[in-house]
Amino acid sequence: MGMTLSEKILARHAGRAAVAAGELVPCRVDFSFGSDLTVPPAAAAFRRMGGTALADPTRVALVQDHFQPAKDIASAELGREVRRFAAGQPGVNYYEVGQGGICHVVIPDDGLVVPGDLVVGADSHTCTYGALGCFATGVGATDLAAVWALGETWLRVPETVRVRFHGAPGPCTGGKDLALRLLKEIGVAGALYRALELSGAAVAALGMADRFTLCNMAIEAGAKAGLIAADEVTQAYLAGRARRPAVALAADPDAAVERTLDLDVAGLAPQVAAPFSPANVQDVDAVAGTPVDQVFIGSCTNGRIEDLRLAARVLGDRRVHPRTRLLVIPGSQAVLAQAVAEGLVARLLAAGATIGPPTCGPCLGGHLGVLAGGEVGLFTTNRNFVGRAGARDARVYLANPAVAAATAVCGAIADPREVAP
């Protein structure tokens, strides 16, 4: 019997020829990281364990991204604790404000993770890196501290759900729409502690930015990890950036999976998740015309340069509707610099957008654009639960950057296929 992609990666890191779903295995970790929210408690746990030096600082990243630049005294204290810890770990990959951005954009773009890796991070959206053919999953602060001290962790080998997307989606769709379509099918608990192995013609046609978006939202279905086997698209992305040799693996044809889900996405329309669940998904036309107070383009889900290009293209030379605010936060300092060089920032500013510094911003109700009571937002983020992005009675719709730009122009949720110039 063959193995799934997840099982192959975990077996390799457990030093075994094979593993099977349900087994508990100790595994060597290739890369780990934390943010300004999670490094302080992890550092405290690390010290309680008697830790002084990271097992391998070159395989650890510490990123200032959630509440940075500091929004208040409490977040300033968090940022200072990260700086103090980083200063005591020579060789660690430390990203200060103005040098990095959102961890899930910076880490892969800087080539710190490669296919075949086992990656753990103190953030639920660590599954993003599965787009590179990694097994990447979120852990708590204490588990992260143990990884820092030992260079390893333990995992229960997850059952695998194979998801195949068939057909070519329609215009103005991408990885976000495939993720939302999957969530509509299985719900927010449809893949609890499962590995989602994502494939099919629609996935093969995606660029890396859209693949990161798709894997990023695996956690919204409760998955332990979301993975796409490395291919030519992956190798092109890694060229010139990967810092270590990759080990590209693929599932065996006879691997045992819990189930296989085939989704026909031929001609798929842009998808929108209505409040208050990322699984409350409909075609954009079903919610078109809903007035919107604020549009947010950014986050670890859709804050890459490809997302900003798409938004700028849909905006064209038009301006944001007078009753709607458009907030754009690039995913990293490098993305912001590239957007400036390509003239995208100038175009967004001319349209009436506000450009924020690379940070998570309003995605988690942090800062820079949280919603007031009763307001409606359309965000390119990954969650829209009650109170996620501000007041408890604010309502957030989730969509891709094309829908977001069209909505900003119209002042209400709009189909970009009808608005794009």
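Note: hydrogens, waters and symmetry copies are ignored here, and every other heavy atom, side chains too, is used.
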Flag for Asn302-Asn400: side-chain donor and acceptor within less than 3.5 Å: no

Contacts of type side chain to side chain donor-acceptor pair (under 3.5 Å), residue Thr260, not counting sequence neighbours: Arg162

Listed partners of Arg319 passing salt bridge (Lys or Arg N to Asp or Glu O under 4.0 Å), at least two apart: none

Donor-acceptor under 3.5 Å (Glu220 side chain, Ala179 main chain): no

Over all atoms of both residues, closest heavy-atom pair of Ala311 and Ala405: O-CB, 3.5 Å

Those residues that, when tested against Asp30, pass salt bridge (Lys or Arg N to Asp or Glu O under 4.0 Å) (two or more places apart): Arg28, Arg59

Inter-residue atom distance Gln99.CD - Gln64.CD, 0.5 Å rounding: 10.0 Å

Spacing of CD1 belonging to Ile305 relative to CG belonging to Leu310, to within rounding of 0.5 Å: 11.5 Å

ring-ring contact (aromatic ring centres under 6.0 Å, His included) partners for Phe46, two or more places apart: Phe85

Under 3.5 Å side-chain donor-acceptor pair for Gln333 and Tyr95: no

Listed partners of Thr354 passing side-chain contact (heavy atoms from CB on, under 4.5 Å), at least two apart: Leu327

Main-chain N/O of Gly175 paired to Arg211 side chain as donor or acceptor, under 3.5 Å: no

Presence of salt bridge, Arg304 and Asp109, under 4.0 angstrom: no

Between Ser124 and Arg383, a side-chain donor and acceptor under 3.5 Å: yes

Gap between atom CG of Leu62 and atom CH2 of Trp148 - 0.5 Å precision: 5.5 Å

CG-CZ distance between Asp293 and Arg323, expressed to the nearest 0.5 angstrom: 9.0 Å

Counterpart residues, salt bridge (Lys or Arg N to Asp or Glu O under 4.0 Å), relative to Arg388 (two or more places apart): none

Donor-acceptor contact below 3.5 Å, side chain Asp283 vs main chain Asp285: no

Less than 3.5 Å apart, which donor and acceptor atoms pair up between the side chains of residues 339-353 and the rest of the protein, not counting sequence neighbours?
from   : atom 1 : to     : atom 2 : distance (Å)
Glu342 : OE1    : Arg309 : NE     : 3.0
Glu342 : OE2    : Arg309 : NE     : 3.4
Glu342 : OE2    : Arg309 : NH2    : 2.7
Glu342 : OE2    : Gln338 : NE2    : 3.0
Arg347 : NH1    : Ala312 : O      : 3.4

Contact list for residues 201-226, test ring-ring contact (aromatic ring centres under 6.0 Å, His included), sequence neighbours left out: Phe212-Tyr237

Asp264: salt bridge (Lys or Arg N to Asp or Glu O under 4.0 Å) partners, not counting sequence neighbours: none

Pairs involving residues 272-306, ordered by first then second residue, that meet ring-ring contact (aromatic ring centres under 6.0 Å, His included) (sequence neighbours left out): Phe296-Phe379

Within 6.0 angstrom of Arg392 CZ, more than 12 heavy atoms from elsewhere: no

For the student: nearest non-hydrogen atoms of Asn382 and Cys300, plus distance: ND2-SG, 3.7 Å

Donor-acceptor under 3.5 Å (Thr137 side chain, Val120 main chain): no

Residue of the set Leu249, Leu198, Leu10 for which side-chain contact (heavy atoms from CB on, under 4.5 Å) holds with Leu5: Leu249

Set of residues satisfying side chain to side chain donor-acceptor pair (under 3.5 Å) with respect to Thr234, sequence neighbours excluded: Asp231

Side-chain ion pair, Arg156 and Glu159, N-O less than 4.0 Å: yes

Short side-chain to backbone donor-acceptor contact, Lys176 and Leu214, under 3.5 Å: no

Glu375 vs Arg395, salt bridge (Lys or Arg N to Asp or Glu O under 4.0 Å): CA-CA, chis, key distance, verdict: CA-CA 6 Å; Glu375 286 196 312; Arg395 292 178 293 136; over 6 Å; no

Spacing of CG belonging to Asp65 relative to CD1 belonging to Ile102, to within rounding of 0.5 Å: 7.0 Å

Polar side chain donor-acceptor pair, Asn216 to Thr213, under 3.5 angstrom: no

Minimum-distance pair of heavy atoms, taken over all atoms of Ala406 and Val419: CB-CB, 4.0 Å

Least distance between heavy atoms, Ala414 atom then Thr407 atom: N-OG1, 3.3 Å

ring-ring contact (aromatic ring centres under 6.0 Å, His included) pairs, two or more places apart, involving residues 115-142: Phe33-Tyr129, His104-Tyr129

